Amino acid sequence: MQEISILTTRALATERKFTAVADNIANVNTDGYRRKDFEFKEVISRPAGHATASYVADRGIVMDFNPGVLTETGNPLNVALGGEGFFAIEVDGETQYTRRGHFVMGNDGTVQTPEGYPVLDGALGPIQLPANTRDIVIARDGTISTEQGQIARFGVFNFDDETLPNLTRAGNVAFMAPPGATAEPVENPMVVQGKVEASNVSPIIESVAMQDASRAYQSSLQLLRTSEQLEEKAIRTLGGIQ
């Protein structure tokens, strides 16, 4: 039974790894997507009357916040971050944080995501441009100017090293802060106009990871089936002893 328990934990952990890699591959072309990774840890068990056993326990999904490549779009409201931080958006009354700077202007002049969620300034208020705005210029610090002068400034925020790994996903390209955590404004942001940040997923690396995870999962299942067969055979043999 101990061997079966060990193999079961390995199969389940590998299955979750496979799912994370599949999500990465599905979002290789999603602007602002942050690659998922899956952490394992070894758990040593020494139950009474049994040999020492090494179990596989997962530490859950973690995000890879390394930057993606910046790609040119030519759209004046498309922006990317050449350094640290996130843009802030409001979704159903909650603040979310994203690296996807594919923004548009709504009919009322509100700067928003393609889904219609308002993009926020440094005070977490919506950014509003005058009607019939032309010649939008966005400075390195996120200041938005038009023919009427400076209008607003994109809010760029970041989290400390302890909080960053604990951000939770809100869809594929946005994150939410854990309870009690506070996003701090980035003092010297690097906002790049006319570009967006691509996914940080490498198709080649993820394809290799998919093959490795698939082989490991199949191997675990095969070993699990073999162990179950051996255990059933031992039970039948012992059951036949008079």
Side-chain angles (χ1 to χ4, degrees), residues 23 26-35 63 65-159 164 167-177 181-201:
D23 285 345
N27 287 282
V28 67
N29 293 317
T30 302
D31 292 335
Y33 178 82
R34 301 295 84 172
R35 175 180 173 271
M63 269 80 70
F65 286 107
N66 287 317
V69 175
L70 303 190
T71 58
E72 191 85 36
T73 68
N75 187 324
L77 270 179
N78 284 177
V79 286
L81 291 171
E84 64 178 7
F86 299 85
F87 297 109
I89 59 176
E90 183 180 328
V91 180
D92 299 329
E94 294 183 318
T95 302
Q96 297 182 4
Y97 301 90
T98 182
R99 295 278 295 191
R100 185 182 70 164
H102 184 81
F103 302 139
V104 298
M105 187 166 63
N107 294 331
D108 61 353
T110 300
V111 179
Q112 57 192 31
T113 68
E115 297 79 18
Y117 300 126
V119 182
L120 306 180
D121 60 20
L124 296 180
I127 297 174
Q128 190 88 22
L129 300 182
N132 303 317
T133 291
R134 304 184 309 276
D135 301 326
I136 298 172
V137 177
I138 300 172
R140 177 189 172 115
D141 67 353
T143 299
I144 306 171
S145 301
T146 70
E147 65 276 10
Q148 300 180 35
Q150 294 185 355
I151 304 300
R153 180 180 174 184
F154 284 109
V156 181
F157 303 88
N158 207 1
F159 299 88
L164 191 63
L167 299 182
T168 56
R169 284 188 178 271
N172 283 334
V173 295
F175 301 91
M176 296 184 65
T182 302
E184 298 294 336
V186 175
E187 290 187 5
N188 297 299
M190 188 186 299
V191 179
V192 183
Q193 184 179 19
K195 295 185 178 183
V196 293
E197 183 180 358
S199 165
N200 66 350
V201 173

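As the structure is a prediction and not an experimental result, all values here were calculated from the model.
- Separating the CD atom in Q96 from the CG atom in L167 is a distance of 11.5 Å, to the nearest 0.5 Å.
- Counting heavy atoms from C-beta outward, N27 and V201 have side chains that stay 4.5 Å or more apart.
- Taking CD1 from I151 and CD1 from I127, the interatomic distance works out to 11.5 Å, rounded to the nearest 0.5 Å.
- To the nearest 0.5 Å, the span separating CZ on R140 from CD on Q193 amounts to 14.5 Å.
- Aromatic rings from F159 and F175 are positioned such that their centres are separated by 6.0 Å or more.
- Taking 4.5 Å as the limit, every side-chain heavy atom of V156 sits out of range of all side-chain heavy atoms of F86.
- The shortest distance between side-chain heavy atoms of L120 and F157 does not fall below 4.5 Å.
- Pairing each heavy atom of P67 with each of E197, the nearest pair is CA-OE2, 3.2 Å.
- Note: N107 CG to Q112 CD = 8.0 Å, rounded to the nearest 0.5 Å.
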Q) After noting the C-alpha distance and the side-chain angles of T110 and Q128, does the key distance pass the side-chain hydrogen bond (donor to acceptor under 3.5 Å, both in side chains) rule? A) CA-CA 4 Å; T110 300; Q128 190 88 22; 3.0 Å; yes
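- With sequence neighbours left out, T133 forms a side-chain contact (heavy atoms from CB on, under 4.5 Å) with M105, L129, P130, I136, T146.
- Between F154 and I144, the closest heavy-atom pair is CE1-CD1, 3.6 Å.
- Nearest heavy-atom pair across G82 and L70 is CA-CD1, 4.5 Å.
- Residue E115 places its CD atom among more than 12 non-hydrogen atoms of other residues, nucleotides or ligands, all under 6.0 Å distant.
- N200 places a side-chain N or O within 3.5 Å of a backbone atom of N66 that can act as its donor or acceptor partner.
- Here the closest heavy-atom approach between residue T30 and residue S199 is recorded as O-CB, 3.3 Å.
- Between the side chain of R99 and the main chain of L81, a donor-acceptor pair closer than 3.5 Å is present.
- Scored by the salt bridge (charged side-chain N to carboxylate O under 4.0 Å, His left out) test, D121 finds no partners at all (sequence neighbours excluded).
- Atom-to-atom distance recorded for H102:NE2 and T113:OG1 is 9.0 Å, nearest 0.5 angstrom.
- More than 12 heavy atoms of other residues, nucleotides or ligands sit less than 6.0 Å from atom CD of E147.
- L124 and A88 make their closest contact through CD2-CB, 4.1 Å (heavy atoms, listed as atom of the first residue, atom of the second, distance).
- Atom-to-atom distance recorded for N172:CG and R34:CZ is 12.0 Å, nearest 0.5 angstrom.
- Taking all atoms of both residues into account, the shortest heavy-atom contact from F65 to L164 is CE1-O, 3.6 Å.
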